[in-house]
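First up is the structure itself, then whatever we jot down about it.
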Number of protein chains: 2
Amino acid sequence: MSPDITFVAALMADQARSRMLLALLSGKALTATELALEADITAQTASSHLSKLVEGQLLVVRKQGRHKYFQLQSLEVAQLLESLLNLSSVLAHPKARTGPADPLLRKSRVCYDHLAGEVGVGLYHSLLEQQLLTEHSDQVMLTKQGVDFFTAIGVNLTELEKQKRPLCKACLDWSERRTHLAGALGQWVLQDILNQGWAVRDNDSRVLHFHLKGMASFCKRYRFRTSNQALTGSD
Amino acid sequence: MSPDITFVAALMADQARSRMLLALLSGKALTATELALEADITAQTASSHLSKLVEGQLLVVRKQGRHKYFQLQSLEVAQLLESLLNLSSVLAHPKARTGPADPLLRKSRVCYDHLAGEVGVGLYHSLLEQQLLTEHSDQVMLTKQGVDFFTAIGVNLTELEKQKRPLCKACLDWSERRTHLAGALGQWVLQDILNQGWAVRDNDSRVLHFHLKGMASFCKRYRFRTSNQALTGSD
DNA sequence: CGGATACTTCGATGGGGGTCGAAGCAAAGT
DNA sequence: ACTTTGCTTCGACCCCCATCGAAGTATCCG
């Protein structure tokens, strides 16, 4: 028979656990107490939940001294969470307030290992407009110019292509309902932003705080015209 | 804050409900009693579950005389189910027997609206080998020859491309752990198989029964070399 | 060696929800 | 009109599990 999907679904069907999982969607490894705080439960309860999530192989755990760091087990888990987010945000079921989320979160946030939110969506469509990227419905590929462009700014595409994961992937944004860039290249872009010091990650959320000058450099590099609203959260 | 994913997850976190959903993954509309039978519960319990699923917008219902026909609400729901199946089958959690499923199901089955199982996977890789399809990691596209080929066998590609959904889509097969063809073209292929009378759908499952001659025609059309094992379930 | 911090185990409590029997309603068929 | 079939509502039962307090173990720090 079919595998038992209720097992995985049940693991995600709890407020506390789903909050933890969503917090881990930032890609950062978090400790048990941090996750307990995030889910607003006591350490005991969190411990029980976390052991279930590890047991169920949704999380991996790394022990470091007296701390235990938890992370999502795989990209697949992150993708499942994203698709759940998507479907959930689309559905207008009574309990979920469909209202606008934290504006900073909408602006720019980390989606596991790549850039999401308005900035992520904006970048994606800017790349499309410049014909560096082609989008055939769901399939996204670099154009010839795109290959040249990213090679020029220092991406080793042949190296990235060695990875199992796709180079480009269209990831549907739950706040924007439009696609943004995921995949190995999406990861590279986020890493680059951080390496350049254009933005810093919020410690307590998935928010990505762009510095003013960083946003400018970012726009320049990707020839990306952003609306004039303040996109920076700090500085 | 984030939308409440526990709502959707909880809907899928029940044996009876998930069985119903999985049964509906065949794409067919089923009545309440059929679904009750499928989930092995009484009509009362099924009624309660089904109203929850409709309320939660995972299903749509169509009343016809004294029957009520249920269907998955959207392709997104089907995709969520597929990804849950994938993750669940990969994870080796104790409760799920990871053993081989029903051999007929493994051979050839319907995955919502396209072909899956060994035949589906085989077709996909055959198309790749013939360079009718190119696969850039996750992105699948028809090659020039592919366009010619499908046009030659009667596909109106421009018509198919009008749909919102992608023309080609790689869908990971949970039994084979390899990709098969989904998307509008995948749907066309399945429709064609049925129209040609090469195979019939099982009434009680997602199994697709190929006739001997049908399988031969199918292989011929797609220049597809299948292993000599009997791929037919009937005839 | 204490004392603090991080995490776990145990036990008790309570609530949510899955289940079915019985009865009710609605639509066909005869 | 009567019966059959398909589905729903109501009510009662009961099990599962999330939660927390208290106590226990492990690790680091001074």
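Side-chain atoms are counted along with the backbone in the values below, which use heavy atoms only and exclude waters and symmetry mates. Proteins get letters first, then strands, A, B, ... in listed order; numbering begins at 1 in each.
Listed by chain and residue number, A:T31 satisfy the side chain to side chain contact (heavy atoms under 4.5 Å, CB included) test with A:T33 (two or more places apart in sequence, or in another chain). For B:L181, the side chain to side chain contact (heavy atoms under 4.5 Å, CB included) test picks out B:Y124, B:L127, B:L133, B:C168, B:L185, with sequence neighbours left out. With sequence neighbours excluded, no residue satisfies salt bridge (charged side-chain N to carboxylate O under 4.0 Å, His left out) with A:D14. Every residue meeting the salt bridge (charged side-chain N to carboxylate O under 4.0 Å, His left out) condition with B:D113, not counting sequence neighbours, appears here in chain and number order: B:R165. For B:R221, the salt bridge (charged side-chain N to carboxylate O under 4.0 Å, His left out) test picks out B:D192, with sequence neighbours left out.
Within the structure, no pair that satisfies the salt bridge (charged side-chain N to carboxylate O under 4.0 Å, His left out) test touches residues 15-25 of chain A, not counting sequence neighbours. Within the structure, salt bridge (charged side-chain N to carboxylate O under 4.0 Å, His left out) pairs that include any residue of residues 24-33 of chain B do not occur (at least two apart or interchain). For residues 56-70 of chain B, there are no salt bridge (charged side-chain N to carboxylate O under 4.0 Å, His left out) pairs, not counting sequence neighbours.
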Check the interface with nucleotides 20-24 of chain C: list each N/O to N/O pair with the protein under 3.5 Å, or write none.
| from | atom 1 | to | atom 2 | distance (Å) |
| --- | --- | --- | --- | --- |
| C:dC20 | OP2 | B:T42 | N | 3.4 |
| C:dC20 | OP2 | B:T42 | OG1 | 3.3 |
| C:dC20 | OP2 | B:T45 | OG1 | 2.9 |
| C:dG21 | N7 | B:Q44 | NE2 | 2.6 |

Look for any protein N or O under 3.5 Å of an N or O in nucleotides 1-6 of chain C and output each such pair with its distance, or none.
| from | atom 1 | to | atom 2 | distance (Å) |
| --- | --- | --- | --- | --- |
| C:dT5 | O4' | A:R66 | NH1 | 3.4 |
| C:dT5 | O2 | A:R66 | NH1 | 3.2 |
| C:dA6 | O3' | A:R66 | O | 3.0 |

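Across all strands, A:A16 comes closer than 4.0 Å only to sugar-phosphate atoms, never to a base (heavy-atom distances).
The nearest whole Å value for the distance from the OH atom in A:Y69 to the C1' atom in C:dC7 is 14 Å. With rounding to whole Å, B:L35 atom CG is found 16 Å from D:dT8 atom C1'. The CZ atom of A:R62 sits 17 Å away from the C1' atom of C:dC7 (whole-angstrom rounding). The nearest whole Å value for the distance from the NZ atom in B:K52 to the P atom in C:dT19 is 9 Å. Distance, A:L53 CG to C:dT8 P: 12 Å, rounded to whole Å. Rounded to whole Å, the distance from CG on B:L50 to P on D:dT8 is 7 Å. Per the geometry, CG belonging to A:L59 stands 14 Å off P belonging to C:dC7, to the nearest Å. Spacing between atom CG of A:L11 and atom P of D:dC16 amounts to 17 Å, rounded to whole angstrom units.
Taken residue by residue, residues 17-30 of chain B places heavy atoms nearer than 4.0 Å to DNA chain C at B:R17.
With 3.5 Å as the limit, one finds no donor-acceptor pair spanning the side chains of A:D40 and A:Q15. When only modelled atom types and interatomic distance are considered, A:T45 and A:S48 share no side-chain donor-acceptor pair under 3.5 Å.
Projected onto DNA chain D by closest heavy-atom contact, A:K63 and A:Q15 fall at different nucleotides, the more 5' of which corresponds to A:Q15.
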Could you tabulate the donor-acceptor pairs under 3.5 Å formed by side-chain atoms of residues 69-81 of chain A, not counting sequence neighbours?
| from | atom 1 | to | atom 2 | distance (Å) |
| --- | --- | --- | --- | --- |
| A:S74 | OG | A:E76 | N | 3.4 |
| A:S74 | OG | A:E76 | OE1 | 3.2 |

